[in-house]
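To keep things clear, I will list the structure first and then write my remarks on it.
What you see below is based on every heavy atom in this structure, not just the backbone, and it leaves out hydrogens, waters and symmetry mates.
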Amino acid sequence: MEHQIDETELLSKKITKAKFRKSIIEEWDSCCYVCGKHFDKITLDHLVPKRAGGHTTRFNLAPCCSVHNRSKGEFGIMELVDAASRMES
């Protein structure tokens, strides 16, 4: 099992990943980056998809509700936001 030291605490990779994900969601106040609505359960989405060269970093991840995460598919953030704004008009 891989471990990481967090200050003076030795943490498993699983706990480190959970803290990383939680910190990003908290920064966004559990709001979807597409629709702006607050959700108790929310996923993280790659802004630049991994298949398009995006990396799993704090600056390339944002909370996304399940509806928008499923509808995004292989599109990038700009295509998704444009489509969402057209649907609201």
Side-chain angles (χ1 to χ4, degrees):
M1 180 184 294
E2 295 180 38
H3 292 82
Q4 180 177 341
I5 297 176
D6 181 23
E7 295 181 26
T8 59
E9 206 176 352
L10 183 63
L11 303 173
S12 70
K13 185 177 180 180
K14 183 178 179 180
I15 292 173
T16 302
K17 182 179 177 181
K19 281 185 163 189
F20 173 71
R21 295 174 63 80
K22 183 178 178 186
S23 71
I24 295 170
I25 292 169
E26 286 175 351
E27 281 180 17
W28 286 77
D29 197 29
S30 295
C31 293
C32 174
Y33 77 94
V34 179
C35 64
K37 294 179 183 173
H38 182 273
F39 292 88
D40 290 331
K41 292 190 177 194
I42 197 162
T43 62
L44 285 180
D45 186 40
H46 287 84
L47 301 175
V48 177
K50 290 170 83 173
R51 69 179 142 262
H55 298 282
T56 303
T57 64
R58 170 172 298 285
F59 304 107
N60 192 40
L61 292 171
C64 190
C65 68
S66 59
V67 170
H68 287 113
N69 201 348
R70 279 193 309 268
S71 67
K72 180 180 176 225
E74 62 187 53
F75 296 105
I77 183 173
M78 295 315 297
E79 293 90 354
L80 180 62
V81 172
D82 288 344
S85 65
R86 283 193 302 271
M87 288 171 57
E88 292 176 1
S89 300

Measure the CG-CZ distance between Leu44 and Arg21 for me, rounded to the nearest 0.5 Å. 4.5 Å

Would you say Asp45's side chain and Asn69's backbone share a donor-acceptor pair under 3.5 angstrom? no

If you compare all heavy atoms of Thr56 against all heavy atoms of Lys50, which two are closest, and at what distance to 0.1 Å? OG1-CE, 4.0 Å

Ser30 side chain vs Asp40 backbone, donor-acceptor pair below 3.5 Å: no

Would you check if Phe20 and Leu61 make a side-chain contact, meaning some heavy-atom pair closer than 4.5 Å? yes

Could you state the interatomic distance from CD1 (Ile24) to CZ (Arg58), rounded to the nearest 0.5 Å? 5.0 Å

Looking only at heavy atoms, what is the nearest atom pair of Leu47 and Pro49, with distance? O-CD, 3.6 Å

With Lys22, which residues qualify under salt bridge (Lys or Arg N to Asp or Glu O under 4.0 Å), at least two apart? Glu26

Where do Cys31 and Pro63 come nearest, in terms of heavy atoms and distance? O-CB, 3.5 Å

Please tell me if the side chains of Lys41 and Ser66 come closer than 4.5 Å, counting only heavy atoms from C-beta onward. no

Of all heavy-atom pairs linking Cys64 and Cys32, the shortest is CA-SG, 3.9 Å

Is there a side-chain contact between Phe39 and Lys37, using heavy atoms and a 4.5 Å cut-off? yes

Between the CH2 atom in Trp28 and the CD1 atom in Ile42, the distance rounded to the nearest 0.5 Å is 9.5 Å

